[in-house]
Amino acid sequence: MLKKEILRRNSDFSSIYKKGKSVGDRFVVLFFRKNKLPYNRIAFLASKKVGNSVTRNRARRLMKESYRQICDELAVGYDIIFIARKTIINTKYADVKKSIEAAARRAGILKRQPKAAACPKEIRQQT
RNA sequence: CGGGUAGCUCAGGCAAUUGCGUGCGCCUUCGGGGCGUAUGAGGAAAGUCCGGGCUCCACAGGGCGAGGAUGCCAGAUAACGUCUGGCGUAGGUAACUAUAGGGAAAGUGCAACAGAAACACACCGCCGAAACGGGUAAUGCCGUGGUAAGGGUGAAAUGGUGAGGUAAGAGCUCACUGGGAUAUAUGGUAACAUACAUCCUGUGUAAACCCCAUCCGGAGCAAGACCAAGAGAGGGCGAAUAAGGCGGCGGCCCGUCGCUGCCCGAGAGGUAGGUCGCUGGAGCAUGCUGGUGACAGUAUGUCGAGAUAGAUGAUUGCCAGAUACAGAACCCGGCUUACGAGCUGCCCGAGUU
RNA sequence: CUGGGUGUGGCGCAGUUUGGUAGCGCGUGUGGAUGGGGUCCACAAGGCCGCAGGUUCAAUUCCUGUCACUCAGA
């Protein structure tokens, strides 16, 4: 993941919360919005409700790994926020991955044909 | 074997595939790219309860006051409210543990309820030709009174036992003794212990105010240093409340609400943002020496995170089996709290030989 | 990183200053009043004062430690 693909500014977050759409699943909640850029911007969140710092780090790492596996199949030009729910405590990686896939499919940002890829990795190679 | 008590160690390892941060080297289309290699969370990283380094501000000689903290003695330490060793006291059969442990003979305050009285007291009781007054046929019978031995209340009632003494009693006197103060001697660096002499004999509370001694300037890495868009002083051109543009409501049009032209822009300031501070240090490991110990000295070896929306993950296999509490955020020394496994010493009880 | 505040019946709060009886409102239960309900009246239950130690004769109150929640500032 490149550094420009990480959401940082508070204004970005608030505009996504305000104007974007959301999809929930068993372990994660997804906020997303079009950003008119040739790549996606991502953020992973785990609030204090999830637990202590070890639990929150674990949740974010699981979500990151899942995103890395499926990012080739995602559509391009979105800001996406992944938020961990309380139920993510003591879950396995495979379950989190499934949950994220399901949420993305329901959000409609999962591509039908994964071969027309626009993953950031390939942008990187083109530019 | 059971129970207790004191301390120590580890915090899963190895391999494969695939990912992440940083350092170094090379390549580069210069992009917060690629390749290779090394390295990458803890015993508490936690709570932020103390102490220090470091940085800025104040004072540059120090003192006083306010406020706060600490409070047996000696030592360790950069320093501490920490640690070590001792003393006293308390608890425990013991190993051992706990200890804010200076001053109540400087002053003020408080001690509910109960009780007569909780700085000074007479309810019941005892006494009474001990003293004064009154009274009866007679009697402590009545008043003033003496008395703290006994009863009862209370957490606490004027130190305890015995004898003398007395009207009855009382450290009123004596013997022994509890406690305290002072002086001397011995041991100890000291706290203190022991012995002896003299004197005294209501209490608790200072984690109530207070007194005494010692210590403390304030803020904190978002400290602080450096670079520095945009906006802004101003200048030039244009326009005249219209049109147009942008945004909100709305599926769209209509409608409605809000905002308003373009260009140049020194110095200073420092916003967004970035760079440094940022990890080699009261460092770590091993050995030797000194010390009861905390610790100190010395020799050799060694470099072990530095992120900035925040880096350690995922999958599989093997090791008999398996991981609790928990994630560095300027850095150290402690304290406290959470928690898995293993080992050792010592004490008590029971049993066997 | 720094500095405050709060914790008391089921809920919201007093009491803590100056230690000694734990209280108020709503709610709950029972009874009364009404033909019934509401309002009203009477009575009752319900608290180891967040937790653990200490000081004291005695602690919700004083002291120390600790846990949780919450606010403010940089």
Side-chain angles (χ1 to χ4, degrees):
Chain A
M1 205 188 328
L2 297 178
K3 284 201 173 179
K4 65 181 179 183
E5 298 172 31
I6 299 173
L7 279 168
R8 275 190 193 81
R9 302 176 139 274
N10 198 20
S11 57
D12 293 336
F13 278 92
S14 49
S15 70
I16 292 168
Y17 287 134
K18 212 172 172 185
K19 300 170 196 168
K21 297 176 179 173
S22 67
V23 167
D25 199 78
R26 185 177 168 79
F27 299 127
V28 295
V29 176
L30 234 102
F31 280 81
F32 61 98
R33 182 178 188 241
K34 282 192 184 177
N35 63 0
K36 296 178 183 172
L37 290 171
Y39 51 87
N40 287 342
R41 292 192 300 175
I42 313 295
F44 303 95
L45 297 185
S47 79
K48 266 197 172 176
K49 281 184 204 165
V50 172
N52 58 25
S53 52
V54 175
T55 316
R56 294 197 303 265
N57 269 333
R58 164 102 185 145
R60 284 193 298 117
R61 285 165 185 163
L62 286 177
M63 290 192 291
K64 252 188 215 176
E65 180 67 17
S66 308
Y67 169 78
R68 200 177 64 80
Q69 294 289 331
I70 68 167
C71 73
D72 287 343
E73 308 168 18
L74 285 178
V76 174
Y78 286 92
D79 288 344
I80 311 174
I81 305 178
F82 297 87
I83 301 176
R85 304 182 70 180
K86 244 189 203 173
T87 50
I88 206 169
I89 305 168
N90 292 330
T91 48
K92 292 248 171 133
Y93 160 74
D95 298 331
V96 175
K97 188 183 172 189
K98 257 185 245 170
S99 174
I100 282 185
E101 270 180 330
R105 187 172 298 116
R106 224 174 314 148
I109 57 176
L110 206 60
K111 275 194 198 163
R112 297 284 150 78
Q113 296 90 2
K115 45 187 167 178
C119 185
K121 210 180 222 173
E122 306 198 0
I123 292 178
R124 202 183 296 154
Q125 288 163 358
Q126 287 161 8
T127 49

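Any value given below was found using the heavy atoms of this structure, including those in side chains, with hydrogens, waters and symmetry copies removed. A note on names: the letters A, B, ... follow the listed sequences, proteins ahead of strands, and every chain is numbered from 1. Bear in mind the structure is a predicted one, so any value in this text is a computation, not a measurement.
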When rounded to the nearest Å, what value does the distance between P atoms of G342(B) and U286(B) take?
26 Å
Could you walk me through whether Asp25(A) and Ile100(A) pass the side-chain contact (heavy atoms from CB on, under 4.5 Å) check?
CA-CA 8 Å; Asp25(A) 199 78; Ile100(A) 282 185; over 6 Å; no
In whole Å, I'd like the distance from the NZ atom of Lys98(A) to the P atom of U315(B).
13 Å
Between Asp79(A) and Arg33(A), does any NZ, NE, NH1 or NH2 come within less than 4.0 Å of an OD or OE carboxylate oxygen?
no
Need the pair for U18(B). Rule: Watson-Crick or G-U wobble, both distances under 3.5 Å, any strand; none if unpaired.
G313(B)
Looking at Asp95(A), is its backbone amide N or carbonyl O close enough to the side chain of Ser99(A) to form a donor-acceptor pair, meaning the two atoms are under 3.5 Å apart?
no
Searching all strands shown, indicate the nucleotide that pairs with G342(B) (Watson-Crick or G-U wobble; both distances under 3.5 Å).
C8(B)
In whole Å, what is the span from the CZ atom of Arg41(A) to the C1' atom of A309(B)?
13 Å
How many Å lie between CG on Leu62(A) and P on U312(B), as a whole number?
11 Å
For A104(B) versus U203(B), give the span between their P atoms, rounded off to a whole number of Å.
11 Å
Whole Å only: how far is the CZ atom of Phe44(A) from the P atom of A311(B)?
12 Å
If the P atom of G4(B) is compared with that of A16(B), how far apart are they to the nearest Å?
48 Å
Atom of Arg85(A), atom of Val50(A) and distance for their closest heavy-atom approach
O-CG2, 4.2 Å
Counterpart residues, side-chain contact (heavy atoms from CB on, under 4.5 Å), relative to Arg60(A) (two or more places apart)
Phe44(A), Ala46(A), Asn57(A), Met63(A)
For a quick test of reading the model, state the closest non-hydrogen atom pair linking Ser22(A) to Phe31(A) and the distance between them.
CB-CE2, 3.8 Å
Locate the shortest heavy-atom distance separating Leu30(A) from Ala103(A); write the atom from each residue and the value.
CD1-CB, 3.8 Å
Toward the 5' end of RNA chain B, by each residue's nearest nucleotide, Lys92(A) or Arg60(A)
Arg60(A)
Would you mind telling me which residue lines up with the more 5' stretch of RNA chain B, Ala43(A) or Tyr93(A), judged by nearest nucleotide?
Ala43(A)
Determine the interatomic distance between P on C211(B) and the same-named atom on C113(B); round to the nearest Å.
32 Å
Between G160(B) and G204(B) - P atom distance, rounded Å:
16 Å
Measuring from atom NZ of Lys97(A) to atom NZ of Lys92(A), what distance do you get when rounded to the nearest 0.5 angstrom?
15.5 Å
Partner of G43(B) under the Watson-Crick or G-U wobble criteria, both distances under 3.5 Å, comes out as none
What is the distance, to the nearest angstrom, from the CD1 atom on Ile80(A) to the P atom on A309(B)?
19 Å
For RNA chain C, please output the secondary structure as dot-bracket, reading 5' to 3'. Pairs are Watson-Crick or G-U wobble, both atom distances under 3.5 Å; mark crossing pairs with [ ], other-strand partners with |, unpaired with a dot.
(((((((..((((......[..)))).(((((.......))))).....(((((..]....)))))))))))).
Which value, in whole Å, describes the distance between the P atoms of nucleotides U173(B) and A138(B)?
43 Å
Checking base pairs now: Watson-Crick or wobble, both atom distances under 3.5 Å. What partners U99(B)?
G88(B)
With syn defined as a glycosidic angle within 90° of 0 and anti as everything else, classify G304(B).
syn
Write out a two-atom table: protein N or O, nucleotide N or O from nucleotides 325-328 of chain B, distance below 3.5 Å.
from: G327(B); atom 1: OP2; to: Ser53(A); atom 2: N; distance (Å): 3.4
from: G327(B); atom 1: OP2; to: Ser53(A); atom 2: OG; distance (Å): 2.9
from: G327(B); atom 1: O5'; to: Ser53(A); atom 2: OG; distance (Å): 2.9
from: G327(B); atom 1: N7; to: Asn57(A); atom 2: ND2; distance (Å): 3.4
from: G327(B); atom 1: O6; to: Arg61(A); atom 2: NH1; distance (Å): 3.0

Nucleotide A45(B), atom C1' - distance to CZ of Arg56(A) in whole Å:
14 Å
For G244(B), the Watson-Crick or wobble partner whose two distances fall under 3.5 Å:
U260(B)
With both distances under 3.5 angstrom, what nucleotide forms a Watson-Crick or G-U wobble pair with G32(B)?
none
Check whether any side-chain N or O of Arg68(A) sits under 4.0 Å from OP1 or OP2 of U18(B), and answer yes or no.
no
Shortest non-hydrogen contact from Ala59(A) to Ile88(A)?
CB-CG2, 3.8 Å
Test: Glu101(A) and Lys98(A) ion pair at under 4.0 Å
no
Gap in Å between the two C1' atoms, one belonging to G277(B) and one to A329(B), rounded
14 Å
Between atom CD1 in Ile100(A) and atom C1' in G313(B), what is the gap in whole Å?
14 Å
Write down the distance between NZ (Lys64(A)) and C1' (G310(B)), rounded to a whole number of angstrom.
8 Å
For G43(B), is chi within 90° of 0 (syn) or not (anti)?
syn
So, taking the atom named OH in Tyr67(A) and the one named CD1 in Ile80(A), what distance separates them when rounded to the nearest 0.5 Å?
6.0 Å
Anti or syn, where syn is a glycosidic angle within 90° of 0; which label fits A94(B)?
anti
Now, which nucleotide makes the Watson-Crick or G-U wobble pair with U298(B), with each of the two distances under 3.5 Å?
G287(B)
Does CZ belonging to Arg106(A) count more than 12 external heavy atoms closer than 6.0 Å?
yes
On a plain distance test, is the side chain of Glu65(A) in donor-acceptor contact with the base of G313(B) below 3.5 Å?
yes
Could you please name the partner base of C1(B), counting Watson-Crick and G-U wobble pairs only when both distances are under 3.5 Å?
G349(B)
G35(C) glycosidic conformation (syn if within 90° of 0, otherwise anti) is anti
Work out how far the P atom of U28(B) is from that of C35(B), and round it to whole angstrom.
16 Å
